[in-house]
Asks: 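Quick one: structure below, then a few questions.
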2 protein chains.
Amino acid sequence: MSQTAGILEQAEQHCRERGSRMTEKRKRVLSGLVDSDKALSAYELIDYCKEQFGENIPAMSIYRILAFLEEEGLVHKLNLANKYVACAHICCDHSHGVPQFLICGGCSKVKEITVNPAMISELKKSAEQAGFTMMSQQLEMDCLCDECMGSAA
Amino acid sequence: MSQTAGILEQAEQHCRERGSRMTEKRKRVLSGLVDSDKALSAYELIDYCKEQFGENIPAMSIYRILAFLEEEGLVHKLNLANKYVACAHICCDHSHGVPQFLICGGCSKVKEITVNPAMISELKKSAEQAGFTMMSQQLEMDCLCDECMGSAA
DNA sequence: GCAGTCGCTGCTATGTTGTAACATCACTGA
DNA sequence: TCAGTGATGTTACAACATAGCAGCGACTGC
């Protein structure tokens, strides 16, 4: 069984436990994200489904499916890039905190990391002093991966 | 002299020193951002120029002007919201570090803060360990301001 | 002053991301 | 089997952004 198939299997299991449905289309969208180590836009996922499965999924459906998958904790939306990535922890049984992301501006490769929780709470404190409440601890950082860094030099 | 006019004066001075031109249109766009404590989208700035000066500036020009102002360090682009804000430090003569932003998801109000430099360097280190180089230390945080927080409750 | 140049702006078209509103399809359970 | 609910389709459109080319206007050097 391929890596991707294993992850999809896990995701399906996850949905069963939560009483939600992992439909064929949802699996296809998720598989696109799992197969790719890059973040993909909704429209890139449309292309992926067309090429890979010969299926034309309208934009509206892709967005609904992405919203569903995000709700289930299977994908993350990257607001900085307006793209989407599969969660790096679909296969972990342990629950995990809010992730932070390193996003390559060159090739959209994404690394999901977990920064020091003390740092996040310090950020939260700074925000509160300024009269703001942080709604999401998901930090997104504009980076270049080593590969793109090399070819840019 | 109004607060805004003073800031515009400073900005003009800044451009003179750098050998770049602060044209009328550029001043109008900048004044829109300075007048507002919120982040504005390019299209909101078009509306502003129309209402305030009766001048129709096409989107293309607004984007070029925003790019120029960003180049000059007079405005910041908030990628999280696809909006723009005037730099909070146009009037400071001291140069300042890379800013971080608290963005209210309710009303687009923005607070520019400077977080502990040690935190930023810790982030940078984490990134490098993961094979990424941070290209911008500009963190943008999804928040609610106290006011919106109150009305949401 | 005048020609040449370069930077700024205008115009048109188009690409990309995302959503509203309403219709239809398909699975589930009584 | 049939009603109800959730998933998907369709159409239209809003918001953000850029490409490419044309024209205008302000400086420079002669």
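Small disclaimer: the values here were computed from a predicted structure and weren't measured. Lettering of chains follows the sequences in order, A, B, ..., and the numbering in each one begins at 1.
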Asks: Think A:Lys77 has a side-chain N or O under 4.0 angstrom from the OP1 or OP2 of C:dG18?
Replies: yes

Asks: With heavy atoms of chain A within less than 4.0 Å as the criterion, where does contact along DNA chain D begin and end?
Replies: D:dG6 to D:dT10

Asks: Between the main-chain N or O of A:Ala118 and the side-chain N or O of A:Ser121, is there a donor-acceptor pair closer than 3.5 Å?
Replies: yes

Asks: Rounding to a whole Å, what distance do you find between A:Met22:CE and C:dC27:P?
Replies: 16 Å

Asks: Between A:Tyr84 and A:His76, does the ring centre distance come in under 6.0 Å?
Replies: no

Asks: Restricting to non-hydrogen atoms, name the atom on B:Ile103 and the atom on A:Phe132 that form the minimum distance, rounded to 0.1 Å.
Replies: C-CE2, 4.3 Å

Asks: What is the distance, to the nearest angstrom, from the CD atom on B:Glu71 to the P atom on C:dC8?
Replies: 11 Å

Asks: Quick one: B:Leu69 CG to C:dC8 P, roughly how many Å, whole number?
Replies: 11 Å

Asks: Flag the pair A:Glu147 and A:Lys109 as a salt bridge only when some basic side-chain nitrogen lies within less than 4.0 angstrom of an acidic carboxylate oxygen.
Replies: yes

Asks: Could you tell me how far apart A:Leu78 (CG) and C:dG18 (P) are, to the nearest whole angstrom?
Replies: 11 Å

Asks: Out of B:Arg18, B:Arg21, B:Lys27, B:Arg26, which residue meets the salt bridge (charged side-chain N to carboxylate O under 4.0 Å, His left out) rule with B:Glu12?
Replies: B:Lys27

Asks: Could you tell me how far apart B:Glu55 (CD) and C:dG10 (C1') are, to the nearest whole angstrom?
Replies: 12 Å

Asks: For A:Met60 and C:dT17, give me the distance from atom CE to atom P, rounded to whole Å.
Replies: 15 Å

Asks: Can you measure B:Ile57 atom CD1 to C:dC11 atom P for me and round it to whole angstrom units?
Replies: 12 Å

Asks: Can you tell me if A:Tyr84 touches the phosphate of C:dG18, counting only side-chain N or O atoms and a distance under 4.0 Å to OP1 or OP2?
Replies: yes

Asks: Among the clusters formed by ILVMFWY side chains lying less than 4.5 Å apart, do B:Val29 and B:Ile90 turn up in the same one?
Replies: yes

Asks: Give a yes/no answer on whether the side chain of A:Asn82 brings an N or O atom under 4.0 Å of OP1 or OP2 in C:dG18.
Replies: yes

Asks: Using the closest heavy atom to pick a nucleotide of DNA chain D for each, name whichever of B:Ala59 or B:Arg21 lands nearer the 5' end.
Replies: B:Ala59

Asks: When all nucleic acid strands are considered with a 4.0 Å heavy-atom cut-off, which category describes A:Lys83: base, sugar-phosphate, or nothing?
Replies: nothing

Asks: Is there a donor and acceptor pair, one atom on the side chain of A:Arg64 and one on the base of C:dG18, closer than 3.5 Å?
Replies: no

Asks: Please state whether the base of C:dG15 and the side chain of A:Tyr43 form at least one donor-acceptor pair under 3.5 Å?
Replies: no

Asks: How would you label the contact of A:Pro58 with the nucleic acid (heavy atoms, under 4.0 Å): base, sugar-phosphate, or nothing?
Replies: base

Asks: Can you tell whether the side chains of B:Glu44 and B:Lys83 come within less than 4.0 Å, N to carboxylate O?
Replies: yes

Asks: Rounded off to whole Å, could you give me the CG-to-C1' distance for the A:Asn79 and C:dT17 pair?
Replies: 12 Å

Asks: Across the strands shown, which category fits B:Arg26 at heavy-atom distances under 4.0 angstrom: base, sugar-phosphate, nothing?
Replies: sugar-phosphate

